[in-house]
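Within every chain, numbering begins at 1; the chains are lettered A, B, ... in the order of the sequence lines, protein sequences first and strands thereafter.
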2 protein chains.
Amino acid sequence: MATIAVENYLKHALLLAERSPDGLVPMGELATAMEVVPGTATTMVKALADSGLVLHEPRRGLRLTAAGRRVALNVLRKHRLVETFLVNVLEMDWAQVHAEAEQLEHAISDAVLDRLDALLGHPATDPHGDPIPSVEGTLNSAVYATLATCATEISLRVVRVTDQSADFLTFAEAHGLRPGAVAHVVDRNLPAGLVTLRRPRGKPFALSLAAAGRIWVAPNEAG
Amino acid sequence: MATIAVENYLKHALLLAERSPDGLVPMGELATAMEVVPGTATTMVKALADSGLVLHEPRRGLRLTAAGRRVALNVLRKHRLVETFLVNVLEMDWAQVHAEAEQLEHAISDAVLDRLDALLGHPATDPHGDPIPSVEGTLNSAVYATLATCATEISLRVVRVTDQSADFLTFAEAHGLRPGAVAHVVDRNLPAGLVTLRRPRGKPFALSLAAAGRIWVAPNEAG
DNA sequence: GGATAGATTTTGACAATTCAAAATAAAGCC
DNA sequence: GGCTTTATTTTGAATTGTCAAAATCTATCC
């Protein structure tokens, strides 16, 4: 069985690999994500390579093997189903549930996971809009535009909020920017780094381009 | 924050202390409960004593301090509320939930615990009839008779089953011996070490005195 | 009142995970 | 092509929790 540390390294390796075109994850990125010094990541990656969970390409980075990816997807599935449970069933604040799920993802058995999945009705995404890996190990990563890049003056539907910090999520919540919410970009001022947004029957408000880049949207079909 | 190992030592120390008249827990008992060699228990108890969680009386045993007892009760509360959740909400088999809760009890925050408690309606006991410590740290340990010691030929209500092994619980379940079940002792044959039981509209069946001693009962008020 | 059995403690070692800091390799720059 | 910057790896050490086995108590038993 993978230890908690191993599960965490693999999970972060997966998340970083998903954002990398060739699947190669630089050591430094993994170390940053894990909040350890680079040497620690090197040590652990070599151990993971010995266990056949990753390939270590010295001085270049690491790649998940099929076995490593399987473990990582299972942990990610637990994380996101737990978040969904905490929000949908226990009615907890979506800004807090990430931290809770970080612990629970390592304590939940596959048996509990299955029951949780059934209780929640086999959801496809978690409360932040992040896709929940299937039992079979499929990760549906549809690509959307963000509020920093999408067209202006058309009705949009928020599909995903990719920032787990409680502060950001509380801000988003306060402006109704949860997945499913409808809004449109009133104006985008690149020099000022500002995006102005408006929700139906709401006042316009601004957020930084950096923040806008973490809110993913699709054209609002109904709107 | 207490580590998982520390939480486990304190939890087992509490359970053993509850069954000891003077609250003194011999080292060997703790080591057996924790499934470690005696020397390991000694090492850990000294560390716990340094943290002010237990008192170590060399060669005699240990006692929980108020701080240690507080931590232990919190872990036990998590364990038993999680078991209740797994059975009542996720509809899992009561024979499995102990093992699951052993992991989850260390991963659940107090915030999640509170929500879980509310969802379950603030239960007083878990699915095995074990009392759930209150938030304030009260452990209601009412003393009952067991099927090995109770009066015969009177209607009884099962209140508690104090064996966490899946085999025993599956056996108990198969005969309907869950808390709340009604039964009476038909016969007790001490030389043979057998207790014969009968449930309403059921066939009589036998179990060993040792097994009977793990099923706690109260007189059945309703008849 | 010592020998002995049983429990407990001590000692030395090991695996996992981490850090700090020195060493090394790679990449880009004039 | 040599120099500098940056990323990565190596080395040595600390921490936590564990075991095996030797040493040490304690209580008890003739």
Side-chain angles (χ1 to χ4, degrees), chain A residues 1-13 16-17 19-64 68 71-72 75 102-103 105-107, chain B residues 1-13 16-17 19-64 68 71-72 75 102-103 105-107:
Chain A
M1 274 296 86
T3 63
I4 290 176
V6 165
E7 288 189 349
N8 276 328
Y9 276 92
L10 293 174
K11 179 187 65 175
H12 280 118
L16 293 170
R19 315 227 154 315
S20 144
D22 58 352
L24 186 72
V25 178
M27 239 32 169
E29 283 189 21
L30 184 60
T32 303
M34 285 295 302
E35 299 181 55
V36 296
V37 299
T40 302
T42 300
T43 306
M44 178 55 102
V45 165
K46 284 163 101 173
L48 295 177
D50 286 347
S51 311
L53 296 166
V54 304
L55 293 177
H56 181 205
E57 302 185 12
R59 305 259 166 204
R60 302 201 58 240
L62 67 299
R63 262 175 235 286
L64 284 170
V71 174
V75 176
E102 287 288 303
Q103 301 305 311
E105 66 190 5
H106 308 295
Chain B
M1 273 297 89
T3 64
I4 291 177
V6 166
E7 289 189 348
N8 276 328
Y9 276 92
L10 293 174
K11 179 188 66 177
H12 279 118
L16 293 169
R19 315 226 156 317
S20 141
D22 58 352
L24 186 72
V25 177
M27 241 31 169
E29 283 189 22
L30 184 60
T32 302
M34 285 294 302
E35 299 181 51
V36 295
V37 299
T40 301
T42 301
T43 305
M44 178 54 102
V45 164
K46 283 163 101 174
L48 294 177
D50 285 347
S51 311
L53 296 167
V54 305
L55 293 176
H56 182 204
E57 303 185 13
R59 305 258 166 206
R60 302 201 58 238
L62 68 298
R63 262 174 235 286
L64 284 170
V71 174
V75 176
E102 287 288 304
Q103 303 304 312
E105 66 190 5
H106 309 294

Whole angstroms only, please: what is the [atom1]-[atom2] distance between [X] and [N]?
X         : N       : atom1 : atom2 : answer
His106(B) : dT16(D) : NE2   : P     : 18 Å
Asp50(A)  : dA16(C) : CG    : P     : 11 Å
Met44(B)  : dT9(C)  : CE    : P     : 15 Å
Leu24(A)  : dA26(C) : CG    : C1'   : 15 Å
Met1(B)   : dT16(D) : CE    : P     : 15 Å
Met27(A)  : dT9(D)  : CE    : P     : 4 Å
Leu53(A)  : dA16(C) : CG    : P     : 13 Å
Ile4(B)   : dT15(D) : CD1   : C1'   : 16 Å

What's the closest nucleotide to the [X] side chain, out of [options]?
X        : options                  : answer
Ala5(B)  : dT8(D), dT17(C), dG17(D) : dG17(D)
Lys46(A) : dT10(D), dT17(C), dT8(D) : dT10(D)
Val36(B) : dT9(C), dC19(D), dT18(C) : dC19(D)

Is there, by distance only and without an angle test, a donor paired with an acceptor across the side chain of Arg59(B) and the base of dT24(D) below 3.5 Å?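 Donor-acceptor pair under 3.5 Å: yes.
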[X] side-chain N/O to [N] phosphate OP1/OP2 under 4.0 Å:
X        : N       : result
Tyr9(A)  : dT18(C) : yes
Thr42(B) : dT9(C)  : yes
Thr3(A)  : dT17(C) : yes
His56(A) : dT8(D)  : no
Thr40(A) : dC19(C) : yes

As an exercise, state the distance from CE of Met44(A) to CE of Met34(A), rounded to the nearest 0.5 Å.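 Answer rounded to 0.5 Å: 7.0 Å.
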First locate atom CG of Leu55(B), then atom CG of Leu48(B), and finally report the distance between them rounded to the nearest 0.5 Å.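 One gets 11.0 Å once the value is rounded to the nearest 0.5 Å.
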Looking at side-chain heavy atoms only, is the closest gap between [X] and [Y] below 4.5 Å?
X        : Y         : result
Leu10(A) : Val75(A)  : no
Lys11(B) : Glu102(B) : yes
Met1(B)  : Glu7(B)   : no

Have a look at Gly28(B) and say if it touches a base, only the backbone sugar-phosphate, or nothing, with a 4.0 Å heavy-atom cut-off.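 Result for Gly28(B) = sugar-phosphate.
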